[in-house]
Every structure is written in C-alpha cells, then in structure tokens.
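First the proteins, then the strands, lettered A, B, ... as listed; each starts at 1. Since we're looking at a predicted model, the values are computed, not measured.
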Number of protein chains: 2
Amino acid sequence: MKPRHAHHSEDCRAVSAILQRVGDKWSALVVTKLGAGAMRFGELKAAVGGISQKMLTTTLRGLERDGFVTRTVFPTIPPRVDYELTELGRELLGPVMALVSWATSNTERINAARNAFDDRSGPAQ
Amino acid sequence: MKPRHAHHSEDCRAVSAILQRVGDKWSALVVTKLGAGAMRFGELKAAVGGISQKMLTTTLRGLERDGFVTRTVFPTIPPRVDYELTELGRELLGPVMALVSWATSNTERINAARNAFDDRSGPAQ
DNA sequence: TGGTATTGGTAACGAATGGATACCGAGACT
DNA sequence: AGTCTCGGTATCCATTCGTTACCAATACCA
C-alpha cells in the first residue's frame, strides 16, 4: 500500500495557518458581517454580539494584516473608524459563506450527535 | 438607515461554535485527510504532519463527539484504531475543501499583504 | 465652569487553551 | 531479558482569551 499523501507538509502548514486566521473564533463571523458592506467599529461589535473590544480590535488587525479588510480612520471627535472588505476579503467571503450556511443548516444534526455522544460517555463516567 | 442585521445573535453563536470546531487549527486538516478514506491514528498523524498525539487525540475526540468521524478500536496488541468520516463528515468535506483550496491558491496573496502590512507598521514602529 | 457621555483603543491581569515531553501497557521479536 | 510497536494519558509550560479599568478629546448640559 503506498502512501496516498506524500510531501504535503508545506501545504498543510500554509492551509492550517490560513484556516487559523479565518477560524479563530471571530474572524469568519466578522468577515460575513462585513460582507453586507462597510461598518464602523461599534456597529460591527453590536452585529457580532458577545465579542469584546479587545478581541474585535485584535481580529480586525489580523484581517487587515492579511489583506482582507481596510481600516479607515476619520479624525473626528469622538473618533470614527470604518472597516470594509477588500477584493481579497470579498473573494474569501464565498467559501466562508458556504461553510457558514452549511453550519447553519446542520446545527441541529451536530447538536444531536453531540448529545448522543455525551449520553454514551458522559453520565456513567 | 435601518440595521441590516437584527436579532441574529443566536445564529452567530451557533455558527461561531461550529466554525471553532472546524477552524480550531487542526480539525479542517484532519477532515480533509480523512476525505481520502479511513485511516488509523499513526497514519493520520503522519499525514497531517506537525501535530502532537495529544492534539490529534483531542481533535479526533471533538470530531467524533460532533458526529463527523467514527472511531473503531481493534483490541489487538499493539492496538489499532481506525478513524473514518461519517455521512455528516463527508457532507462537511465539501465546504471545507472549498475553503482549503481557496486558501491554498491564495497563500501568496495573503503573504504579500502580510509582508506589506509589516513593512508599513513594523520597522518604524 | 465643571461634570458627563461618546468612540475607538490600549494596559494589565487571571483564566483557558495549546503544545512538547515523558510515561504507560502488553505482547512480539531478538 | 531487553526492546520495539501503537494509541493514549499525565504533566508541565507557553500562548492566547477575555474581563476590567483606563485614556484622549470634544460636545452637551447643568
């Protein structure tokens, strides 16, 4: 039997790195929210719901660094900062939305599996 | 201007939970590897590359709990454990593979953006 | 004239999670 | 006997997460 997969370690690392970026608990959610158009910081925070300023700031910095969003500061008082998807970000939106819609429509199956698993191994334990 | 997004907080949590599961650094990678067919523990570990036993065990337990993989133990010595995607897992494979291939073919653009960002804000600091 | 709200962000700290290493068990092989 | 195998656990330490407090600068209000 030959190995079906060989020297793909490098691919794996790159893929893993990008999946981490987009899978780091908030990024995918933020990207989907920004899919509707530019939003300012507080708006985004309210839309996502349950995220702290720190985490939203960190997430947005990461997305900005990787070229998925732009950050526009209006030097007013109080300050106003707009975030918007770049071209790259809008391209990413496709696959991410596909995953999100799959996740949305399969939530119940997953929860059912989870409960079944917990019933099997949890209570006796 | 009305809010484009309203009471979606619950959706957000469910989606975020599932994205965490599949985006937790290793899960997506493991799922794609298992897409080629059943594999045993060590085989999977080698295929993924760079993952520790502990993390692979944890990841597989999580995937099993959520109904994405089955775990089959052969009580031989030394032990043999096979992992295989369930129907749910194979369905998940579609969106995940889409994301992975996007990630693979856009690695360079992301790295370019990252380097540009770091050049802008890193060195001067 | 001074107190307070607004908005985006940082600093600091404890909590949770991630990862590397060591070890285990039980038989086969030398 | 000693050693290798394979899947897994236990332990420890590093990194990350998340909460809270605080900041700046102006507008508003008493």
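Following rounding to the nearest Å, A:Glu43 (CD) and C:dG9 (P) show an atom-to-atom distance of 14 Å. In this entry the distance linking CG of A:Leu60 with C1' of C:dT7 reads 15 Å, nearest Å. When the C1' atom of C:dT6 is taken as reference, atom CZ of A:Phe41 falls 14 Å away, rounded to whole Å. Here the C1' atom of nucleotide C:dA28 and the CZ atom of B:Arg80 are 17 Å apart, to the nearest Å. Look at CD1 on A:Ile51: it is 8 Å from P on D:dG18, rounded to the nearest Å. Distance CD (B:Glu64) to P (D:dG7): 15 Å, rounded to an integer number of Å. For A:Leu56 and C:dG8, the CG to P distance is 10 Å, given to the nearest whole Å. Distance CE (B:Met39) to C1' (D:dG7): 15 Å, rounded to an integer number of Å.
Both B:Pro78 and A:Lys25 lie close to DNA chain D; mapped to their nearest nucleotides by heavy-atom distance, the more 5′-ward contact belongs to B:Pro78. Residue whose closest nucleotide on DNA chain C sits further toward the 5' end, between B:Ile77 and B:Asp24: B:Asp24. In terms of position on DNA chain D, the residue among A:Gln53 and B:Arg71 whose nearest nucleotide sits closer to the 5' end is B:Arg71.
Using a 4.0 Å heavy-atom distance criterion, B:Lys45 is classed as making no nucleic acid contact. Here B:Phe74 lies out of heavy-atom contact (under 4.0 Å) with every strand.
To the nearest 0.5 Å, atom OG1 of residue B:Thr104 and atom CG of residue B:Leu99 are 9.0 Å apart. Between the CZ atom of A:Arg21 and the CG atom of A:Asp66 there is a distance of 4.5 Å, given to the nearest 0.5 Å.
Between A:Val31 and A:Leu85 the shortest heavy-atom distance is O-CD1, 4.0 Å. Across all their heavy atoms, A:Ile110 and B:Phe68 have their closest contact at CD1-CZ, 3.6 Å.
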- Query: Is there a salt bridge (Lys or Arg N to Asp or Glu O under 4.0 Å) between A:Arg109 and B:Glu87 once you walk through the steps?
  - Reply: CA-CA 11 Å; A:Arg109 287 167 79 188; B:Glu87 171 59 25; 5.3 Å; no

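Note on A:Lys54: every side-chain N or O is 4.0 Å or more away from OP1 and OP2 of D:dT20. Taking only side-chain nitrogens and oxygens, A:Arg40 comes nearer than 4.0 Å to OP1 or OP2 of C:dG8. One finds a side-chain N or O of B:Trp26 lying less than 4.0 angstrom from the OP1 or OP2 phosphate oxygen of C:dG19. Contact between the side-chain N/O atoms of B:Arg61 and the OP1/OP2 oxygens of D:dT9 is found at a separation under 4.0 Å.
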